[in-house]
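Reckoned from all heavy atoms, side chains included, excluding hydrogens, waters and symmetry mates.
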Amino acid sequence: MKLTSSYEPDKFESDIYAAWESSGAFSPTDSSRTRERAGGLSKSDESVTRDEYSIVMPPPNANGNLHIGHGLTIALEDSLTRYYRLKGNNTWYIPGADHAGFETWVVYERALESIGHTRFEYTRDELYAKVWDFVEEQRGNMELQVRALGASCSWDDLTFTLDENVVARVYQTFEKMWNDGLIYRGKKLVNYCPKHQTAFADIEVEHLDEPGHLWDIKYLLSEPAETGNGREGSSSAGERYIIVSTTRPETLFGDQAVAVNPEDERYKNLIGKHVKLPLTDREIPIIADEHADPAYGTGAVKITPAHDFDDFEVGKRHNLENLRVIGDDGKMLETAGKNYAGLTTEECRQKVLNRLEEQGLLLGSHEITHSVAHCYKCGTTIEPTLKDQWFVDVETLAKTAIEHLENDEIKFYPENKKQVLINYLKGLKDWNISRQIPWGIPIPMFKKQEAISGTGKENYDDAPDWIFDTRTNLKGIELGGIKYIRDEDTFDTWFSSSHWPIVTTDWTPEHGSPFYPLNVMETGADILFAWVARMIMMGLYVTGEVPFKEVYLHGLVLDSHGKKMSKSKGNVINPLDLVAKYGSDAFRLGILRGRSAGLAQAFSEDSVVASRNLCNKLWNIARLIQSWIDSTEDTADDTDQPNSYDTDSMGEDWICRELDNLRTQIERNMKSYRFAETVEALYDTIWNKYADWFLESQKLMRNLPLLKKTLESLLIMAHPFMPFVTETIWQALSWTSGYIINQKWPESLKFDAISAEQFERLISTVSEARKVLAGLKDTVKGISVGLLYGDDALIADNAELVKQLTHVDYIEPTDGTPRGIRLALVGREVYLDVPKDIVKTYKDQLTERILSVGRELNALNARMMNPRYVEKAPAHLVEETKKGIEEKQALIEHLKQELKVIE
RNA sequence: GGAGCCUUAGCUCAGCUGGCUAGAGCGUUUCUUUGACGUAGAAAAGGUCAGAGGUUCAAAUCCUCUAGGCUCCACCA
């Protein structure tokens, strides 16, 4: 293949991806599913000795598009996958698609509303079918985008969160939990969105600080107090009252008590008395409860158990009735009284305040800032609502998880997230898993029909009324002559997602799975609680083992100014746009560059551009080497062993050493998930070492076998991070075969360490010469400049190379009398041969140089002057310092002499 | 109220268990149109490592406090 002068990713990427995919490179050699596909073949001898490496893709929404977070996730996961594949692991990167229950439902409901329909026109089952079609239409987009990002995942094993095996596993777990008594039906106060008409788990609620009002309302005592020394108020008319503070006057119709703190002296004598509930005929008691904070408001608080989480707890402690006054639609119920029923909470609040004002019961209001719960999707204020819901008792699940975490069975990157997770689990409350949306896995519970249509006295907590059955395709079933009706609710998506490592690896109770636990769970730090925590609890509950050995959490990707990306701000970066513009590799390298675990970090197109340039550099490296091969191959005797190489020069030993360093650096960094440093090391080696020094030095004398060998090594090591360009090159090179994706990770290269070190000295000689030359600027323009060297075998042996690299016109030994500018090199006598008048212009540069070396020398001397340093610091450091002082002294000495010569 | 994170060059960030002259990319300046690459090559400027204490022979790194910023959790009526 003829290589063009610059790399054009769009010409190659899709073909390369298709070739990988059809070659079967993405599939593990022996997953249970590949076994199945291959007709139940047993493990080959080779695969037995290989280590499994498994990683799952956090399933993107089946009907969505990928965003920048997915771009990062795939860059991270695919780099790991490809790296371990090259290392020889039996690697399985499992892709997925999420039905994303609520998320998708919101999108669908919006679409439905935009064509003038509402969910209420259809049955649950009809809606489920409709959303299924909706998702089916959209599917494929996401998968194409994952391919464009180069994910080497095993597509045959793609798991959709509504696949049969997923549902079956979820039902088995649910049944086990039901039998173990971990599932219960509870009438509890839940977070409820009146717009979407569904309940949420605590974690799905967004708390925002908002300005609000705290109103003081007079509740009149319905009987006279016995003593007059209380701090309760009394009006001129002689009536006695207590003042409660509330932010939600409209809920007063549901009040069941007024609570005061038992320690609060002001109200002690009122405990047990009753007050008349304003705007109603009811009387409610004054009770003592710790919940009332004497320092807040008036210290007296109204208790509305059906509409406030704290009050609900207070109500339970005091056996208060839960009276609902707000309905599922967010409007006031009949229980609020004829005048208020049907009003929205906002309207009702205003009306209540007006009435209280008229009756002289409203004593004032304070402006406050308080935290208000919102639906994380539509922003509607969450209405704590009394609902019958399915709950998971998380106590033992959380406790078990904490034990395994404290036992260090899962390693976290970043480390501190482990403790954060443990803290969360310690305070975890029971998990509401019912959702009142049609799009999701139906909860497999059926209720006795007579319990529903009977007396109206429903006993939801009575387990025998409910039975577990997996026939959720049916509305009702009959068992032993009794009819049961299915609960219409669906599971919280996290309930099924928490099974992800179990279902994707085909784990079974009988055989487990060689791929379970996963080697690593890579996902966003923002879903540590929602997902990671639940996978750990569920994994332990179902399998007895933690679901993954390591967790890598990536942070939020921010825009180039460090601001959160959002549609409203218009600063959203679409990863696929960048892929189209610069190529997949450039995007992946660009987003990995400088990124560390867990941190929210900025990202900009600049780093993608820089990465695109690196791809182009690598491309041209290959192009140069191929052109050398092409120009000599036909004359060369190619019967040598293809893989044998020798190092014939210092530069060759040096590059072997550097490539070997790169290999160990990548290995070390990948082990600890240091992607930023891996990318940095690659960039440095490819560009600053391989291209700038090694290839430059090879222009003089080419070692073709070594060039081939080192280029192969470099390409393989770069492949996990820049898969497309490395494969494209691999395919274009004349001597390589197969796919690079299937190659073996390089072994260490052999080299002579002393010779490699010598090349380093050559580099500093050349650099010094270049520096002085650049400093002389145009004074040397047009004149012939050369290098003269003293009795120096290193320079003598490599004279041509030094001449070439410094771009001087000649190089020769000195004739004994120093001439020109002596370079500031330790133990090396090299002169830049320029006319005397030009030497003079070097004076300033030289003076500055003497001063700077002097400063360095002083710093070293100061260190050695400290007797405690010599005494306590490691010997090799002291030795180094001594050597440094000697070298710098010698250097300064000859620079000073040089200065004298100039003057 | 609790917890976690961040503060290093103009910008975005590395700097792992404390130890050479604190690094990279982008940007800036100067030079180079030599046949791999101008998406390039060569060179340069630019940092009191937020501030103050402490531990240590030695601190960007460990500890304490202060200031500023970000995020998460939590029932503040």
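Side-chain contact between A/R248 and A/R349: present, with at least one pair of heavy atoms (C-beta onward) separated by less than 4.5 Å. Counting heavy atoms from C-beta on, the side chains of A/L558 and A/M565 never come closer than 4.5 Å. Considering only heavy atoms from C-beta on, A/T251 stays 4.5 Å or farther from A/D308 through its side chain. The side-chain heavy atoms of A/F675 and A/N669, taken from C-beta on, include no pair separated by under 4.5 Å.
Using cut-offs of 30° and 60° for the angle between ring planes, the A/W687 and A/Y683 rings count as parallel.
Look at the C1' atom in both B/rU7 and B/rA52: the space between them is 16 Å, to the nearest Å. Comparing the same atom, P, in B/rC62 and in B/rG2 gives a spacing of 24 Å after rounding to whole Å.
Residue A/N616 has its side chain nearest to B/rC37 when only B/rG25, B/rC37, B/rA43 are considered.
The two residues A/L252 and A/L356 come nearest to each other via the heavy atoms CD2-CD1, 4.3 Å.
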Can you give me the N/O atom pairs linking the protein to nucleotides 45-47 of chain B at distances under 3.5 Å, or say none if there are none?
none

Which atom pairs link the protein and nucleotides 2-9 of chain B when you take only N or O atoms and keep those under 3.5 Å?
from: B/rG4; atom 1: O3'; to: A/N416; atom 2: ND2; distance (Å): 3.3
from: B/rG4; atom 1: O2'; to: A/N416; atom 2: ND2; distance (Å): 2.8

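In a base pair of the Watson-Crick type (N1 to N3 plus N6-O4 or O6-N4) or a G-U wobble (N1-O2 and O6-N3), with each distance short of 3.5 Å, B/rU7 is matched with B/rA67. Across all strands shown, B/rA59 remains unpaired; no Watson-Crick or G-U wobble contact has both distances below 3.5 Å.
With sequence neighbours excluded, the residues satisfying side chain to side chain contact (heavy atoms under 4.5 Å, CB included) with A/N261 are A/E263, A/D264, A/E290, A/A292, A/P294.
Contact annotation: A/K888 side-chain N/O to B/rU21 OP1/OP2 distance is not under 4.0 Å.
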